[in-house]
Structure formats: C-alpha cells, structure tokens
Amino acid sequence: MQLKDRTAVVTGSTSGIGLAVARGFAAEGANIMINGLGDADAIEKERAGIEKDFGVRCAYSPANMMNGAEVTGMVEAAAKAFGTVDILVNNAGIQFVAPIDEFPDDKFEAIIRINLLAAFYATKAAVPLMKKNGWGRIINTASAHALVASPFKSAYVAAKHGIAGLTKTVALEVARHKITCNAICPGYVWTPLVEKQIPDTMKARGMTKDEVMNDVILAAQPTKQFVTVEQIAAYALFLCSEGAANITGAMMTMDGGWTAE
Ligand code: NAD
C-alpha cells in the first residue's frame with residue numbers, strides 16, 4: 001500500500017491513461033479525485049467501482065479543463081473532500097490533426113487550454129497544499145511530442161513542448177520542498193485519443209487506415225508495439241515512490257524507442 005492515506009487528483013481520468021493511473025493509485029490505497037467528460041452513468045459506475053474494488057474514497061469533479069476557474073475549483077474540492085492534495089496528475093488532453101494552413105482556430109485554442117493551461121491552473125492550486133505538507137508529486141502526461149514533432153499536429157506539439165517547459169520550471173521552484181514535478185512522455189498508447197485521430201490522419205496524408213496504423217503510428221515505435229495504459233500507470237506509481245524522490249524536472253520517456261532515433 002504505497003499510497004495509503006495519500007490523496008491524488010487525476011485529470012482526464014474517465015478514459016484511457018488517466019483511468020488506468022487513477023485505478024493504479026487507488027489499488028495502492030490513495031483516495032482519488034477523478035475528472036473528465038463522458039456519460040454521467042458511466043462515470044458514476046467508474047467512481048463507485050474504484051471505491052468498491054480498492055476500499056478507498058473516490059470523488060468525481062466535472063471540471064472542464066477549458067476553464068481555469070473550474071480547474072482551480074477541482075483542486076479545492078479535492079482538498080475539501082480529502083483534507084489535502086498530495087499527488088496531481090495533469091493528464092487530460094485532446095488531439096486534432098490538420099495542416100497548419102487549415103488548422104481550425106477553435107481547435108488550436110482548445111488544445112492549448114486543455115493540454116497546457118489546465119496544468120498551469122491545477123499546479124498553481126496544488127503547490128501551496130503540497131508545500132504545507134512538505135511532500136508532493138506532480139506528474140504531467142506529456143508525450144513523445146513534448147520532445148519531437150510530427151507534421152499536422154502543430155497545436156498538440158506546441159502544447160506538449162509547453163508542458164515540458166512548465167514541468168522543468170515548476171520542478172526547480174519546488175525542489176526544496178520534497179515536491180517533484182516530472183513529465184511522462186509516452187509514444188503511442190492505444191486509447192480513444194489515438195483511435196479518433198486515424199480518420200483525420202488518413203485525410204491529411206491521403207492514406208488508408210492500415211497505412212496510417214503501420215506507416216505512421218507504429219512506424220514511429222521501433223518496438224512495433226503500442227505502449228499500454230497499465231505500463232504508464234506503473235511508471236506514474238514509480239514516480240510517487242521514495243525511490244524516485246530525486247527524479248525531478250525529468251522528461252520520462254516510454255515510447256518504444258521512438259525518440260532514440
Ligand atoms: P483519452 O481520450 O482516452 O482520455 C482523455 C481524457 O481527457 C478523458 O477522460 C476525457 O474526458 C478528458 N478530457 C478531454 N477534454 C476534457 C475537458 N475539456 N475537460 C476535462 N476532461 C477532458 O486519451 P488518452 O490517450 O488517455 O490521453 C491522456 C493523455 O495522454 C493526454 O494528455 C494525451 O495527450 C496523452 N498522450 C496520449 C498518448 C496516446 O497515444 N494515447 C500518447 C502520448 C500522450
């Protein structure tokens with residue numbers, strides 16, 4: 001029970017990586033604030049399932065990561081429900097694929113808000129609580145796209161490179177408080193986020209679905225395998241351990257070798 005009596009807020013945890021991280025932390029005893037969009041009944045089932053499966057408390061925040069005040073309110077609500085926030089995982093994210101000269105303005109702005117600005121607001125709200133406790137873990141789900149670019153993903157790559165800068169800066173600011181701030185940089189993980197970008201990538205590159213899967217997606221990963229959400233959850237759990245107390249400001253890759261090339 002590595003995280004017994006800890007409280008974690010995981011944004012974007014109604015699906016994919018965030019859901020696996022929330023469940024992974026709950027399995028180690030943490031109380032969890034989940035967050036994300038989706039069908040209310042399905043979310044309630046997930047919330048109640050975490051409590052039942054792991055014997056922890058789990059609350060849901062409907063905060064929209066587009067809105068800074070709602071992000072701040074989510075952290076405050078977690079502190080009110082559970083006493084404090086020890087671990088913050090800034091994970092919510094969306095993707096949109098289009099050439100720069102056709103990129104819709106509203107999509108670009110939404111990606112910057114959800115994938116970058118929300119992490120700023122949540123971190124700003126959580127750091128005073130962590131400083132007070134003398135312990136904290138901030139984990140940003142970045143991407144291989146925080147380190148390298150791919151065509152047609154200007155907004156996403158800009159936001160993820162921004163997250164890299166935020167991660168390193170926050171790490172330096174909180175270094176003397178036993179708070180670490182790191183980014184996990186996955187390659188392709190099979191989640192709805194990846195599945196949804198296939199039709200647009202087919203259009204942007206003039207390819208079939210199979211060509212996109214093999215020549216674009218898995219072409220980037222020398223292992224020719226998708227990273228799994230469970231592997232990301234295990235990585236996040238490691239970053240919360242005492243063994244990882246001196247890892248901070250790091251871009252932790254888990255990309256099947258993508259950025260080694
Ligand atoms: P996903 O689509 O399965 O999950 C995204 C989550 O974010 C969902 O819970 C969704 O409800 C939530 N979300 C989206 N918009 C939101 C909003 N406005 N307000 C609140 N919540 C919102 O995607 P995923 O693949 O699990 O992605 C999670 C993170 O991992 C993202 O930051 C993504 O960029 C990053 N990532 C994913 C991959 C991949 O290959 N899947 C690779 C690298 C990085």
Side-chain angles (χ1 to χ4, degrees), residues 9-24 32-40 42-43 46-47 50 60-75 88-97 106-107 109-119 121-122 139-150 153 155-164 166-167 183-198 201 212-213 216-218 220-221 223 225-233 235-236 251-256 258-259:
V9 174
V10 185
T11 73
S13 45
T14 54
S15 169
I17 293 169
L19 177 56
V21 169
R23 288 185 62 85
I32 306 281
M33 168 73 79
I34 57 168
N35 156 263
L37 310 177
D39 172 69
I43 292 171
E46 178 204 319
R47 189 203 63 75
I50 288 175
Y60 166 66
S61 164
N64 190 325
M65 296 295 108
M66 291 278 284
N67 180 317
E70 290 189 29
V71 178
T72 306
M74 170 193 66
V75 174
L88 170 66
V89 184
N90 290 306
N91 170 77
I94 59 168
Q95 174 63 288
F96 193 82
V97 181
D106 60 337
K107 292 285 184 203
E109 288 191 15
I111 287 177
I112 298 297
R113 279 183 195 282
I114 297 166
N115 296 20
L116 177 58
L117 285 182
Y121 285 110
I139 300 170
N140 298 321
T141 310
S143 169
H145 282 125
L147 303 168
V148 295
S150 297
K153 295 185 177 177
Y156 189 85
V157 172
K160 295 298 185 182
H161 276 64
I163 278 286
L166 182 70
T167 303
I184 293 180
C185 301
Y188 283 104
V189 190
W190 188 251
T191 69
L193 181 138
V194 168
E195 208 174 342
K196 276 186 247 165
Q197 66 187 271
I198 288 174
T201 308
V212 169
M213 291 285 279
V216 180
I217 297 185
L218 289 178
Q221 294 193 179
T223 54
Q225 282 176 3
F226 284 99
V227 176
T228 69
V229 294
E230 290 79 13
Q231 288 164 346
I232 306 276
Y235 214 15
M251 309 304 292
M252 308 284 291
T253 58
M254 185 180 269
D255 61 11
W258 176 343
T259 54

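Numbering of ligands and ligand atoms starts at 1, following listing order. What you see is a predicted model, and the numbers here were worked out from it, not measured in a lab. Start at 1 with the first residue, then count along the sequence. Values below: all heavy atoms of this structure, side chains included; hydrogens, waters and symmetry mates excluded.
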*Asks:* Tell me whether Ala142 reaches ligand 1 (any heavy atom closer than 4.0 angstrom to a ligand atom).
*Replies:*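 Contact check Ala142 vs ligand 1: positive.
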*Asks:* Give the numbers and elements of all ligand 1 atoms closer than 4.0 Å to a heavy atom of Asn91.
*Replies:*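 It comes down to these atoms of ligand 1: 28 (C), 29 (C), 30 (O), 31 (C), 32 (O).
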*Asks:* Under a 4.5 Å cut-off applied to non-hydrogen side-chain atoms, are Cys185 and Leu147 in contact?
*Replies:*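 Contact flag for Cys185/Leu147 side chains = yes.
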*Asks:* Starting from atom 27 (O) of ligand 1, find the nearest protein heavy-atom neighbour and note its residue, name and distance.
*Replies:*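 Its nearest protein heavy-atom neighbour is Leu193 CD1, 3.9 Å.
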*Asks:* Using salt bridge (charged side-chain N to carboxylate O under 4.0 Å, His left out) as the criterion, list what pairs up with Arg113, not counting sequence neighbours.
*Replies:*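 Testing Arg113 for salt bridge (charged side-chain N to carboxylate O under 4.0 Å, His left out), a comparison that skips the adjacent residues, returns none.
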*Asks:* Check whether any heavy atom of Gly187 sits under 4.0 Å from an atom of ligand 1.
*Replies:*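 Contact check Gly187 vs ligand 1: positive.
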*Asks:* Find all atoms of ligand 1 within a distance of less than 4.0 Å from any non-hydrogen atom belonging to Gly36, and give their numbers and elements.
*Replies:*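 Those of ligand 1 that fall under 4.0 Å from Gly36 are 11 (O), 21 (N).
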*Asks:* Pull out every atom of ligand 1 sitting under 4.0 Å from any heavy atom of Thr141, numbered as shown with elements.
*Replies:*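 Answer for ligand 1: 29 (C), 30 (O), 32 (O), 35 (C).
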*Asks:* Suppose I only count heavy atoms of Ser15 and a 4.0 Å limit; which atoms of ligand 1 are within that range?
*Replies:*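 Heavy-atom distances to Ser15 below 4.0 Å select 1 (P), 3 (O), 4 (O), 8 (C), 9 (O).
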*Asks:* Over all heavy atoms of both residues, which pair between Ala20 and Ala233 is shortest? Give the atoms and the distance, please.
*Replies:*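 Looks like O-CB, 3.5 Å.
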*Asks:* Quick check on Tyr156 - does any of its heavy atoms sit under 4.0 Å from an atom of ligand 1?
*Replies:*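 Distance cut 4.0 Å: Tyr156 passes for ligand 1.
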*Asks:* Heavy atoms only, cut-off 4.0 Å: how does Val194 contact ligand 1, side chain, backbone, both, or neither?
*Replies:*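 The part of Val194 near ligand 1 is the side chain, not the backbone.
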*Asks:* State whether the side chain of Gln95 and the backbone N or O of Leu193 hold a donor-acceptor pair below 3.5 Å, judged by distance alone.
*Replies:*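 The answer is no, because no donor-acceptor pair under 3.5 Å joins these two groups.
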*Asks:* Do the side chains of Ile34 and Ile50 get nearer than 4.5 Å, heavy atoms only?
*Replies:*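 Side chain of Ile50 against side chain of Ile34, heavy atoms only: contact under 4.5 Å found.
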*Asks:* N/O of Lys196 under 3.5 Å from N/O of ligand 1, yes or no?
*Replies:*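 No; every N/O pair is 3.5 Å or more apart.
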*Asks:* Report yes or no: does Ser13 contribute a side-chain atom to a donor-acceptor pair with the main-chain N or O of Asn35 at less than 3.5 Å?
*Replies:*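 Yes, the answer is positive, given that a donor and an acceptor are paired below the 3.5 Å cut-off.
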*Asks:* Identify which one of Leu116, Ile163, Ile184, Thr11 satisfies the side-chain contact (heavy atoms from CB on, under 4.5 Å) criterion when paired with Asn140.
*Replies:*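 Going through the options one by one, the only one that passes is Ile163.
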*Asks:* Among all the protein's non-hydrogen atoms, which is closest to atom 43 (C) of ligand 1, and how far away is it?
*Replies:*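 So the nearest neighbour among protein heavy atoms is Pro186 O, 3.4 Å.
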*Asks:* Is any N or O atom of Ile17, backbone or side chain, closer than 3.5 Å to an N or O atom of ligand 1?
*Replies:*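 Such a contact does occur with ligand 1.
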*Asks:* So, regarding Ala144 and ligand 1 (criterion: nitrogen or oxygen to nitrogen or oxygen, under 3.5 Å), is there a contact or not?
*Replies:*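 Between Ala144 and ligand 1, no N or O pair is found under 3.5 Å apart.
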*Asks:* To the closest 0.5 Å, what do you measure between OH (Tyr121) and CG (Asn90)?
*Replies:*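 Reported to 0.5 Å precision, the distance equals 13.5 Å.
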*Asks:* Is a side-chain N or O of Ser61 found less than 3.5 angstrom from the main chain of Ala63, in a donor-acceptor match?
*Replies:*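 Yes; judged by distance alone, with no hydrogens or angles, the pair exists.
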*Asks:* What atoms in ligand 1 come closer than 4.0 Å to a heavy atom of Asn64?
*Replies:*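 Under 4.0 Å from Asn64, ligand 1 has these atoms: 17 (C), 18 (N), 19 (N).
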*Asks:* So which heavy atom in the protein is nearest atom 7 (O) of ligand 1, and how far is it from that ligand atom?
*Replies:*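 The protein heavy atom lying closest is Gly12 CA, 3.4 Å.
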*Asks:* For ligand 1, which atoms, with element, lie under 4.0 Å from some heavy atom of Tyr188?
*Replies:*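 The list of qualifying atoms is 40 (O).
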*Asks:* Would you say the side-chain atoms of Tyr156 pair up with the backbone N or O of Val97, donor to acceptor, closer than 3.5 Å?
*Replies:*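 Answer holds: no.
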*Asks:* Does some non-hydrogen atom of Ala63 fall short of 4.0 Å from ligand 1?
*Replies:*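 Distance cut 4.0 Å: Ala63 passes for ligand 1.
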*Asks:* Using 0.5 Å steps for rounding, measure from the OH atom of Tyr188 to the CE atom of Met213.
*Replies:*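 Rounded to the nearest 0.5 Å, the OH-CE separation comes out at 11.0 Å.
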*Asks:* Taking N or O atoms only and a 3.5 Å limit, does Ile94 qualify as a polar contact for ligand 1?
*Replies:*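 Between Ile94 and ligand 1 (N or O atoms, distance only) the closest approach is not under 3.5 Å.
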*Asks:* Could you list which atoms of ligand 1 come closer than 4.0 Å to a heavy atom of Gly93?
*Replies:*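 Listed by number with element: 5 (C), 7 (O), 31 (C), 32 (O).
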*Asks:* Determine whether the side chain, the backbone, both or neither of Lys160 has a heavy atom under 4.0 Å from any heavy atom of ligand 1.
*Replies:*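 Side chain only.
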*Asks:* Starting from atom 25 (O) of ligand 1, locate the nearest protein heavy atom and write down its residue, its atom name and how far away it is, to 0.1 Å.
*Replies:*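 Going by distance alone, atom 25 (O) of ligand 1 is nearest to Thr191 OG1, 2.4 Å.
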*Asks:* Going by the rule side chain to side chain contact (heavy atoms under 4.5 Å, CB included), which residues pair with Ile114 if we only count those two or more places apart in sequence or in a different chain?
*Replies:*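 If we apply the side chain to side chain contact (heavy atoms under 4.5 Å, CB included) test to Ile114, skipping adjacent residues, the hits are Met65, Met66, Ala92, Ile94.
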*Asks:* Measure from the side-chain N and O atoms of Asn91 to the backbone N and O of Gly12, and report whether any donor-acceptor pair falls under 3.5 Å.
*Replies:*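 Between the backbone of Gly12 and the side chain of Asn91 there is a qualifying donor-acceptor contact (under 3.5 Å).
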*Asks:* Tell me, please: is Ser13 in heavy-atom contact with ligand 1, that is, under 4.0 Å?
*Replies:*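 Heavy atoms of Ser13 do come under 4.0 Å of ligand 1.
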*Asks:* Indicate yes or no for a side-chain donor-acceptor contact from Asp39 to the backbone of Ala42 under 3.5 Å, with no hydrogens or angles considered.
*Replies:*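 A pair under 3.5 Å: yes.
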*Asks:* Starting from atom 22 (C) of ligand 1, which protein heavy atom do you reach first, and at what distance in Å?
*Replies:*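 I find the closest protein heavy atom is Leu37 CG, 3.8 Å.
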*Asks:* With respect to Ser143, determine whether any N or O atom, backbone or side chain, lies less than 3.5 Å from an N or O atom of ligand 1.
*Replies:*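 It does not: no N or O of Ser143 is found under 3.5 Å from an N or O of ligand 1.
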*Asks:* Less than 4.5 Å apart, any side-chain heavy atom of Leu19 and any of Val229?
*Replies:*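 Answer no - side chains too far apart.
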*Asks:* For atom 9 (O) of ligand 1, what's the nearest protein heavy atom and its distance?
*Replies:*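 For atom 9 (O) of ligand 1, the nearest protein heavy atom comes out as Thr14 OG1, 2.7 Å.
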*Asks:* Between ligand 1 and Met65, is the shortest N or O to N or O distance under 3.5 Å?
*Replies:*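 Checking ligand 1 against Met65, an N or O pair does fall under 3.5 Å apart.
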*Asks:* Are any of the heavy atoms in Arg113 under 4.0 Å away from ligand 1?
*Replies:*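 For ligand 1, residue contact (heavy atoms, under 4.0 Å) with Arg113 is absent.
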*Asks:* Do Lys160 and Lys153 come close enough that some side-chain heavy atom pair is under 4.5 Å?
*Replies:*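 Answer no - side chains too far apart.
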*Asks:* Going by the atom numbers of ligand 1, which of them fall below 4.0 Å from some non-hydrogen atom of Gly16?
*Replies:*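 By the 4.0 Å cutoff, the relevant atoms are 3 (O), 26 (O).
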*Asks:* Less than 4.5 Å apart, side chain to side chain, heavy atoms only: is that true for Thr223 and Trp258?
*Replies:*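 Not in contact.
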*Asks:* Side chain or backbone of Val189 under 4.0 Å from ligand 1, or both, or neither, by non-hydrogen atoms?
*Replies:*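 Looking at Val189 and ligand 1, atoms from backbone and side chain both fall under 4.0 Å.
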